[in-house]
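To keep things clear, I will list the structure first and then write my remarks on it.
Scope of the values below: all heavy atoms of this structure, side chains included, with no hydrogens, waters or symmetry mates. In listed order, ligands and their atoms are each counted from 1.
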Amino acid sequence: MIMSIIDSHGRKINYLRLSVTDRCNMRCRYCMPQDGIPKLEHNNILSYEQLYRLSQAAVSLGIEKIRVTGGEPLVRKGIVDFLAQLSELPGLKQLVMTTNGLQLPEMAADLKRSGVQRLNISLDTLRPEVFRSITRRDGLNRVLAGIAAAEEVGLPIKLNMVVMRGVNDAELVDFAAMTLENKISVRFIEYMPAIKEEGWQSLVMPGEDILARIAEQYPFSPVISGELDGPARVYKVAGAQGTIGVITALSGHFCADCNRIRITASGKVRSCLFANDEFDLTQVLADGDNAAIQAVLRKLVAIKPAMHAMNEQEAQHTAFTMAQIGG
Ligand code: SAM
Ligand code: SF4
């Protein structure tokens with residue numbers, strides 16, 4: 001029987017972010033140090049069988065949407081078969097994935113066949129030199145080709161742009177312009193000081209400033225979003241095919257509506273990106289049944305904080321890499 005799970009602040013928890021690997025073929029400056037992070041040994045990563053059992057337990061508790069993320073999910077061998085299995089999970093309403101897009105030119109068609117319903121593709125710039133300085137890799141053309149390949153096979157796309165003042169904010173209007181002729185959603189994400197790179201404060205551009213910059217060129221109006229649509233405030237530029245949205249994790253708490261929990265590739269479950277409390281699921285996956293996994297997830301939901309305690313000036317959390325937690 002499928003239930004629904006409500007936390008101690010009255011929020012319905014129906015969204016699971018599932019990280020399938022901590023590995024990545026990019027080194028984005030806001031996510032990972034230049035030399036990467038110490039890699040988890042293969043046997044410390046949850047197997048697909050374990051990830052499936054976890055997802056099954058979560059869905060039977062009331063999770064309706066799963067986002068597969070990483071690290072870069074497309075670098076894990078066997079990902080397409082895993083997605084195909086997950087897409088058949090009874091009770092799961094939405095299966096989506098976040099990817100940096102580098103491998104999409106070859107994989108878009110298989111992903112479509114696997115049953116993934118939508119892709120969020122990270123793209124912070126349309127300028128090759130800025131791309132190289134943010135991701136510490138070449139590859140803008142491959143990502144653009146990947147976006148085209150996904151469109152061609154009919155996968156709906158959202159573009160995630162992490163906005164950094166003085167780095168890519170000059171391109172905000174160009175990104176908004178992409179929605180004029182294309183049925184694409186562009187999400188402007190406030191930079192978060194995850195790894196606390198030096199001088200991070202100057203990079204933060206609050207959502208209000210992002211929207212004000214776009215409004216100078218393109219007037220827009222709000223769009224009502226659905227229950228499973230995530231934390232973005234969504235707008236449409238007058239006459240556009242697609243939408244723009246802003247995710248204000250830092251400046252405008254969306255914690256009151258937070259519906260998510262996260263599972264890391266090594267089997268830790270977290271109720272909040274910025275909370276340091278997490279439970280280790282590896283033991284229960286080794287010797288527990290569905291009810292035992294559900295019990296840990298319930299325990300986690302019970303301690304989900306009302307809101308995170310991070311603000312723009314002070315990052316009170318311990319530094320972490322988004323690639324470890326899944327963004
Ligand atoms: N590798 C995939 C990708 O980049 O799309 C999936 C994992 S990545 C950790 C998930 C999302 O987190 C990406 O859209 C990325 O831009 C975002 N992200 C990572 N670090 C961030 C930060 N410090 N601030 C805001 N967003 C961040
Ligand atoms: Fe890799 Fe994604 Fe992190 Fe960039 S944001 S380093 S692509 S995991």
Side-chain angles (χ1 to χ4, degrees), residues 17-37 39-40 66-76 79 96-104 107 111 116 118-125 131-140 142-143 146-147 150 157-165 167-169 175 185-201 203-207 210 230-232 245-251 254 260 262-265 270 273-274 308 310 312 315 317-327:
R17 294 180 67 102
L18 189 64
S19 174
V20 295
T21 179
D22 62 330
R23 300 195 178 190
C24 188
N25 45 6
M26 287 191 188
R27 291 287 178 273
C28 303
R29 56 179 282 180
Y30 46 69
C31 176
M32 272 204 203
Q34 177 140 20
D35 299 329
I37 47 173
K39 287 188 186 132
L40 290 168
I66 296 183
R67 173 176 304 283
V68 172
T69 176
E72 172 48 41
L74 296 183
V75 303
R76 182 157 177 185
I79 187 70
V96 296
M97 186 167 80
T98 304
T99 170
N100 65 25
L102 264 186
Q103 275 160 265
L104 277 181
M107 296 182 76
L111 289 174
V116 168
R118 195 183 62 239
L119 297 180
N120 282 38
I121 304 176
S122 299
L123 180 67
D124 302 328
T125 176
F131 186 93
R132 198 174 306 120
S133 80
I134 295 176
T135 65
R136 305 187 179 109
R137 295 286 184 274
D138 285 316
L140 175 59
R142 279 192 64 76
V143 177
I147 293 170
I157 291 172
K158 287 187 182 175
L159 291 185
N160 286 358
M161 176 199 200
V162 177
V163 181
M164 288 165 280
R165 207 188 277 282
V167 177
N168 60 354
D169 61 319
F175 272 71
S185 305
V186 176
R187 297 282 177 266
F188 301 106
I189 304 178
E190 279 181 359
Y191 168 92
M192 290 180 269
I195 62 168
K196 296 187 184 169
E197 58 182 321
E198 208 173 314
W200 64 264
Q201 287 89 343
L203 298 172
V204 177
M205 184 161 182
I210 294 173
V246 64
I247 301 185
T248 54
L250 221 53
S251 72
F254 44 70
R260 54 184 67 185
R262 303 178 144 79
I263 291 175
T264 71
R270 276 195 173 217
L273 186 55
F274 302 110
H308 69 68
M310 195 177 68
E312 288 154 63
H317 63 87
T318 314
F320 60 89
T321 74
M322 290 288 212
Q324 284 167 321
I325 303 182

At a 4.0 Å threshold, what atoms of ligand 2 neighbour a non-hydrogen atom of [X]?
| X | result |
| --- | --- |
| Met26 | 6 (S), 7 (S) |
| Gly71 | 8 (S) |
| Cys24 | 1 (Fe), 6 (S), 7 (S), 8 (S) |

Which residue, [options], forms the side-chain contact (heavy atoms from CB on, under 4.5 Å) with [X]?
| X | options | result |
| --- | --- | --- |
| Phe188 | Leu159, Val162, Val163 | Val163 |
| Lys158 | Val186, Val96, Asn120 | Asn120 |
| Thr98 | Thr69, Leu119, Val68 | Thr69 |

Looking only at non-hydrogen atoms, find the nearest pair between [X] and [Y] and report the distance.
| X | Y | value |
| --- | --- | --- |
| Ala194 | Tyr30 | CB-O, 4.1 Å |
| Ile157 | Arg118 | N-CG, 4.3 Å |
| Gly207 | Glu190 | N-OE2, 2.7 Å |

Closest to atom 3 (C) of ligand 1 among Pro73, Ser122, Gly71 (heavy-atom distance): Ser122

Ligand-residue contact atoms, ligand 1 with [X], heavy atoms, under 4.0 Å:
| X | answer |
| --- | --- |
| Gly70 | 7 (C), 9 (C) |
| Val162 | 16 (O), 25 (C), 26 (N), 27 (C) |
| Thr69 | 6 (C), 7 (C) |
| Glu190 | 25 (C) |

Counting only heavy atoms, which portion of Thr99 has something under 4.0 Å from ligand 1: side chain, backbone, both, or neither? backbone

If we ignore hydrogens and angles and just use 3.5 Å, is the side chain of Asn168 paired with the main-chain N or O of Asp124 as donor and acceptor? yes

Any side-chain to backbone donor/acceptor pair from Arg132 onto Asp138? Under 3.5 Å, distance only. no

Evaluate the side-chain proximity of Arg136 to Cys28: yes if any heavy-atom separation is below 4.5 Å, no if none is. no

Could you say whether the N/O atoms of [X] and ligand 1 ever approach to under 3.5 Å?
| X | answer |
| --- | --- |
| Arg17 | no |
| Tyr30 | yes |
| Met192 | yes |
| Asn160 | yes |
| Glu72 | yes |

Atom 4 (Fe) of ligand 2 and Cys28: any N/O/S contact shorter than 2.8 Å? yes

Taking NZ, NE, NH1 and NH2 as the nitrogens, is one of them in Glu197 or Arg29 under 4.0 Å from a carboxylate oxygen of the other? yes

